Structures are given as structure tokens and as C-alpha cells.
Amino acid sequence: MNDFFTPKEDFFEQVFAVVKLIPKGRVTTYGAIAEYLVAKKSARVVGYAMNASHSLLDKIPAHRVVNRNGLLTGKMHFATPDTMQNLLEMEGVVVENNQIVDFKKILWLPIEEL
DNA sequence: AATGTGACATACC
DNA sequence: TGGTATGCCACAT
């Protein structure tokens with residue numbers, strides 16, 4: 001209907017919306033978001049959205065989004081490679097060797113929580 | 001309009 | 001058991 005308040009149904013907006021809903025101290029995966037958006041095939045696009053988050057004024061906790069292995073693959077895209085891990089640890093997430101400890105425990109799945 | 005790219009995921013060897 | 005290859009789909013150029 002009205003697209004006045006609808007920024008666009010771009011995949012990005014949906015991805016950002018979910019990422020911003022990630023509770024502090026929790027993490028999620030690209031595949032989980034993509035799956036929540038019924039586009040699990042487009043997991044790459046989810047990551048691509050994160051790349052675009054740099055241009056947005058919205059604060060996207062991209063550091064809470066990791067790959068399926070719980071590995072901080074996107075750390076290199078932050079200001080510094082240490083930024084991502086630092087932010088996670090600051091929120092209580094234990095990261096070791098660029099990998100999240102007890103990843104499955106703190107994994108937050110929007111498809112289940114929402 | 002077409003080609004290239006990528007912060008993933010899965011399959012195969 | 002781990003690296004290589006391909007698929008995937010939306011955005012950028």
C-alpha cells in the first residue's frame with residue numbers, strides 16, 4: 001500500500017531490521033537471517049547488506065553477525081580487524097581465534113525468536 | 001543492458 | 001579432514 005514510510009522493500013532494509021533486533025550478547029549468522037527472510041539461498045546478499053551498512057547512518061551491529069562457523073569473517077571490513085572481536089567481547093561474547101566460543105549457545109535465531 | 005562482485009553456504013574430491 | 005569449486009541472488013559499476 002503506502003510506501004510513504006516504506007523505505008523500500010530492499011533486502012537490505014529487512015536485513016538491517018533483523019540485525020538491529022539482535023539482543024546484546026547474542027550473535028546470528030548470515031544464513032539464519034537469510035532463512036528468516038525466506039531467501040536462504042541469498043546468504044551472500046545478507047553479507048553484502050552489511051557492507052552497505054557503512055553508508056547508513058543507522059547503527060548496524062554487524063559484529064553480531066558471523067558466518068555459519070561462528071567465525072568473524074567480516075572482521076577485516078571494520079575499521080580495524082580487531083574492532084569486531086573487541087565489540088563482541090565488550091558485550092560479553094567470548095571470542096577465541098576469531099571464532100565465537102559457545103557459538104551455538106549464544107546463537108540467536110530470528111526465525112525462532114520472532 | 002550486461003558483466004562483475006561478494007561480510008555465505010553447500011557439494012565435491 | 002580440509003581445500004577447491006560452484007551456486008546463489010541482489011547490488012555496484
Side-chain angles (χ1 to χ4, degrees):
Chain A
M1 298 224 221
N2 286 339
D3 35 272
F4 288 170
F5 291 89
T6 307
K8 266 185 203 177
E9 292 188 3
D10 285 346
F11 224 84
F12 284 29
E13 291 296 333
Q14 302 206 32
V15 173
F16 297 145
V18 176
V19 174
K20 287 190 288 188
L21 290 175
I22 300 174
K24 181 181 178 183
R26 306 259 188 206
V27 295
T28 190
T29 69
Y30 303 95
I33 297 173
E35 189 174 355
Y36 173 72
L37 299 177
V38 194
K40 65 177 185 178
K41 299 177 182 179
S42 307
R44 303 192 78 171
V45 184
V46 176
Y48 200 94
M50 295 286 104
N51 194 11
S53 66
H54 289 288
S55 299
L56 297 181
L57 300 179
D58 293 333
K59 293 182 292 186
I60 309 297
H63 58 275
R64 293 179 185 157
V65 183
V66 295
N67 68 352
R68 212 189 157 336
N69 298 317
L71 196 68
L72 282 57
T73 54
K75 65 173 186 173
M76 47 164 66
H77 283 265
F78 283 81
T80 65
D82 295 335
T83 304
M84 189 173 188
Q85 181 174 342
N86 193 355
L87 290 171
L88 286 171
E89 290 181 345
M90 182 170 63
E91 294 186 354
V93 178
V94 180
V95 179
E96 185 173 302
N97 192 15
N98 294 334
Q99 187 173 4
I100 297 176
V101 180
D102 294 335
F103 169 63
K104 298 174 72 173
K105 289 184 179 179
I106 63 176
L107 178 60
W108 180 80
L109 300 176
I111 200 169
E112 291 184 355
E113 297 293 335
L114 303 181

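Quantities reported herein were computed from a predicted structural model and do not represent experimental measurements. Below, read A as the first sequence line, B as the second, and so on, with proteins coming before strands; counting in each chain starts at 1.
The distance between atom CD1 of A/I100 and atom P of B/dA7, rounded to the nearest whole Å, is 17 Å.
A/T28 places a side-chain N or O within 3.5 Å of a backbone atom of A/W108 that can act as its donor or acceptor partner. Without hydrogens or angle criteria, A/D102 side chain to A/K105 main chain gives no donor-acceptor distance under 3.5 Å. The closest donor-acceptor contact from the side chain of A/T29 to the backbone of A/A32 lies under 3.5 Å.
Side-chain contact check for A/V93 versus A/H63: every heavy-atom pair is 4.5 Å or farther apart. Side-chain contact between A/I33 and A/F11 is absent, with no heavy-atom pair separated by less than 4.5 Å. In this structure the side chain of A/N98 reaches within 4.5 angstrom of the side chain of A/Q85, judged on heavy atoms.
Qualifying ring pair (Phe, Tyr, Trp, His ring centres under 6.0 Å) partners for A/F16, counting only residues two or more places apart in sequence or in other chains: A/F12. Scanning for salt bridge (Lys or Arg N to Asp or Glu O under 4.0 Å) contacts around A/E91 gives A/R64, with sequence neighbours left out.
Taken residue by residue, residues 59-90 of chain A places no heavy atom nearer than 4.0 Å to DNA chain C. For the segment residues 35-48 of chain A, residues with any heavy atom less than 4.0 angstrom from an atom of DNA chain C are, sorted by number, A/K41, A/S42, A/R44, A/V45, A/Y48.
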In residues 53-61 of chain A, what donor-acceptor pairs under 3.5 Å come from side-chain atoms, sequence neighbours left out?
residue	atom	partner	partner atom	Å
A/S53	OG	A/M50	O	2.3

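Counting 5' to 3', DNA chain C first comes under 4.0 angstrom of a heavy atom of chain A and last does so at the ends given by C/dG7 to C/dA12.
Each of A/L88, A/V65, A/I22, A/L72 was compared with A/V27 under the side chain to side chain contact (heavy atoms under 4.5 Å, CB included) criterion, and only A/L88 meets it.
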